[in-house]
Amino acid sequence: MKNFWKYFLFLLVILVLLGGLIPPIVENPKSFFEFPLIRGLEDKARIIFFHVPTAWLTVLAYLIAMYYGIRYLKNKNIYDDMKSVSAAALGFLFCILATLTGSVWAKFTWGSFWHWDPRETSIFILLLIYGAYFALRSALEVEEKRARLSAIYSIIAFLTTPFFIFIMPRLMIGLHPGSLEIDPVTGQVKASANPVIKFEMAANMRVVFFISLIAFTILFFWLWNLSHRILKLEYENQKEI
Amino acid sequence: MNKIDLIVTNLKKTFNRRLVFDGLNFEIKSGEKLIITGKNGSGKSTLMKILAGVLTESAGFFQYILNDKKVDRENIYQIVGLVSPYLVLYDEFTAFENLKLFARIRNIKMSDEEINQILKKVGLFDRRNDLVRTYSSGMKQRIKYASAILHNPLVLLLDEPTSNLDLDGKNFVDELVEDFRSDGIVLVATNESQDFKYGQNIINLDNFHNIQVK
Amino acid sequence: MKARYFIGGIIIVLFLGLLFYNFTRTNIEYESDFSKVMQSGKVCKATGVWVKEKSFEEDIKNRTFVFYLRDAKNNQMKVIYRGTKPNNFEIATNVVVTGKFEDGVFHATDVLTKCPSKYEGQNINTSGS
Amino acid sequence: MKKIYYIFYKDFSSELRMRFAINALIMFVIVAVSTILFSLGSENAPQNVYAGMFWVVVFFSAMSGLSRTFVSEEERGTSLILSLIANPISIFLGKFLFNLVLIFFINSIITMLYMFLFQEFLIKNWMSFLLAFLLGNFGIAASSTIIAAIISKANVKGTLYPVLAFPVLLPLILMLIEITKSAMEGNPINDVEAEFLVLVSYDVIMITASILVFDIIWRD
């Protein structure tokens with residue numbers, strides 16, 4: 001079953017596209033193939049199947065890039081750096097996708113493209129970190145040096161991210177589900193419903209959501225695998241000349 | 001009397017996909033002197049920098065063993081003195097100020113008199129209060145020697161030792177290598193045949209250059 | 001060498017832990033008691049529910065937006081915001097205003113609205129909004 | 001400890017002779033502050049805008065001056081002799097100390113200029129402002145020193161520095177702005193206790209991480 005993963009991925013993507021886009025949204029869902037209506041969201045609710053997985057991959061890719069960066073520092077194996085940089089490149093791509101899908105959606109739901117909501121701010125900072133990472137790489141010509149310094153930068157930049165998690169809610173209130181809000185009845189500050197963690201999502205939506213999450217993750221690993229193998233081939237090709 | 005060993009095992013250095021050398025193996029002990037030679041670009045200076053602990057090797061390893069104890073990478077600087085064409089001193093300071101600073105940073109107690117002694121030895125005493133910026137290339141070479149022997153190192157790494165030196169300067173190097181502490185190691189990287197007299201054994205880096213990587 | 005990374009790692013983890021402990025311990029200060037807001041005279045973030053009965057006034061020419069908020073204890077407060085009405089103000093469950101209470105009015109520099117965020121059906125009666 | 005001091009001393013006396021950083025820094029501060037002055041004209045901006053602009057000027061002056069310690073070594077080729085006379089940790093800490101003194105000096109100038117030129121920049125709680133100033137300078141010096149070390153090995157140094165440093169320094173600057181706002185309103189120090197804890201954690205984490213990774217950066 002050489003191509004098992006490819007077929008499996010194809011199947012999942014079809015399922016997500018059909019499952020995410022076709023079921024009608026109705027006031028009182030009766031059959032399994034109808035999504036509940038959420039006031040203020042309506043059809044725009046479908047974004048969750050595509051936006052959340054890209055955001056998740058942005059973070060996952062960063063962690064993978066950093067992990068292989070550290071491995072490079074340990075073993076000085078240039079292939080680890082290739083894995084690291086291709087994960088970072090894909091992460092950057094998904095980061096841009098998450099930002100765009102999010103901000104288009106925000107325009108129609110919250111009124112403007114950008115609100116500096118904590119999570120919008122954190123993805124913006126992640127975008128900056130990815131950008132800085134590639135700016136640094138392009139300024140370093142010697143391969144070993146490039147691998148070493150970009151790995152170190154990824155570690156240092158990563159260490160500042162917990163601070164944002166702490167700082168953001170103090171500076172601004174969250175619009176995303178899962179961020180802190182004030183309960184209208186009791187007046188207490190609490191974390192609002194988080195559809196990802198608390199599963200406050202209709203059962204059929206949850207199924208599509210998780211299939212999508214899995215499909216995107218497989219897609220990421222497939223792309224990552226391809227791109228670092230391409231880099232490796234290019235490298236070996238050049239060495240023979 | 002100290003006992004120092006330098007063991008080099010399978011040392012390899014690549015620079016931007018280009019192999020500099022690979023599979024370098026040798027071992028030298030207290031009192032031995034070694035010549036390293038090879039064509040331009042064969043990695044003599046690179047090897048010297050690696051052994052001075054300021055450049056990292058790509059694979060393999062090297063180890064200084066002082067009195068049966070391994071020397072930590074971070075402490076190599078305490079036992080090594082390097083003279084290299086790549087060495088640049090702080091040219092906004094005078095020769096004396098440079099040496100005084102180095103002694104202080106190395107945390108070794110040295111009186112001004114002792115520093116002057118070293119300056120006399122390398123023949124810079126008369127110009128000790130001039131900024132290094134105003135020095136000729138030969139004088140710059142001499143001040144490098146002063147900074148390399150300031151802390152009385154056990155290992156002396158000389159990369160192109162006689163470049164830019166006049167006859168007087170060459171005699172100084174001859175003397176320095178000849179009279180170098182009997183428990184120390186001297187490595188000389190050179191292509192000048194008259195420098196070959198400094199050591200007993202010769203390693204030609206060209207032999208470690210053409211090995212294909214699998 | 002190895003020991004250094006170990007100790008350094010422990011220090012970093014320790015202080016990250018401190019950071020998170022600190023985070024869980026302190027409340028994020030959204031004042032939900034309007035009587036305190038009215039007394040303090042400081043810049044603060046206040047939160048409450050829009051009083052629908054008193055509606056709102058919008059002055060597009062001067063770009064001001066006036067409405068009433070009430071807190072959990074039913075204290076009501078007049079809010080003047082120099083700006084336009086947020087898009088989904090009517091369906092907001094909750095309004096957060098940043099500003100200062102002066103001369104019997106809350107002068108807001110920022111108004112944020114929170115919308116229902118549950119990805120569930122509406123058969124559960126969402127009271128309060 | 002002595003080694004660290006003498007590396008600092010070397011940079012310090014070198015700076016006195018060569019003026020690598022200080023002249024450019026002072027000019028930068030004057031230019032930046034007068035630009036703000038001109039752009040405001042006679043208008044009165046809200047108080048908290050001044051708190052923000054204060055740290056913005058601090059951030060950019062740090063970006064224009066603090067990379068010099070490493071970049072000048074690398075450009076002149078003196079980093080080889082430096083690594084031959086000291087171990088990486090002392091080098092890092094010596095350079096850090098130098099940057100710390102430099103940023104304290106320059107930020108004191110900025111503070112004085114602000115107090116002199118902007119009536120609205122009125123600190124009511126000096127205790128909390130000075131403590132933030134102290135911890136903030138330490139954090140800025142720590143992060144910018146390690147980023148400067150990375151930068152010094154790259155080809156384009158000048159433009160890259162703020163790009164790399166911004167995401168790393170942002171949490172620090174945001175906290176400092178919050179504390180300064182609170183200090184300007186005269187709130188007691190307890191109000192911003194949590195923010196101070198964040199500052200301390202930032203300082204400790206950054207300096208520890210820098211010490212751990214510096215020798216990998218430093219050795220070519």
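For the numbers below, each heavy atom of this structure counts, side chains included, while hydrogens, waters and symmetry mates do not.
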Checklist entry - Are B:Phe172 and B:Tyr145 close enough that their ring centers fall under 6.0 Å? => result yes

Checklist outcome for this item: Under 4.5 Å to a heavy atom of chain D? For B:Leu101 that would be side chain

Checklist entry - So which of B:Leu87, B:Asp91, B:Leu89 has the largest heavy-atom pair count under 4.5 angstrom toward chain D? => result B:Leu87

Next on the checklist: Before we go on, tell me: are the rings of D:Phe166 and D:Phe59 under 6.0 Å apart, centre to centre?
Outcome noted: yes

Item to check | Largest heavy-atom contact set with chain B, pairs under 4.5 Å, which of D:Ile89, D:Thr78, D:Ile216, D:Ile4 | outcome: D:Thr78

Checklist entry - For the side-chain hydrogen bond (donor to acceptor under 3.5 Å, both in side chains) test, which of B:Asn67, B:Asp68, B:Asp183 pairs with B:Lys3? => result B:Asp68

Next on the checklist: Would B:Lys70 pass as a cation-pi partner of B:Tyr64, given that its NZ or CZ must be under 6.0 Å from the six-membered ring centre and within 45 degrees of the axis?
Outcome noted: no

Next on the checklist: With a strict 4.5 Å heavy-atom criterion, list every residue of residues 146-159 of chain B that contacts chain D, or say none.
Outcome noted: B:Ser147

Item to check | Residue part contacting chain B, namely of D:Ser79, when any heavy atom lies under 4.5 Å | outcome: neither

Item to check | Given D:Ile211, D:Val168, D:Ile146, D:Leu169, the one that forms side chain to side chain contact (heavy atoms under 4.5 Å, CB included) with D:Met206 | outcome: D:Val168

Next on the checklist: Between B:Glu92 and D:Ser14, is there a side-chain donor-acceptor contact under 3.5 Å, judged purely by atom types and distance?
Outcome noted: yes

Next on the checklist: Checking D:Phe121 now: which residues fulfil ring-ring contact (aromatic ring centres under 6.0 Å, His included) with it, not counting sequence neighbours?
Outcome noted: D:Phe54, D:Tyr114

Next on the checklist: Given heavy-atom pairs under 4.5 angstrom as the criterion, report whether the side chain, backbone, both or neither of D:Arg17 touches chain B.
Outcome noted: side chain

Next on the checklist: Just by distance, no angles: are the side chains of B:Tyr90 and D:Glu73 close enough, under 3.5 Å, to form a donor-acceptor pair?
Outcome noted: yes

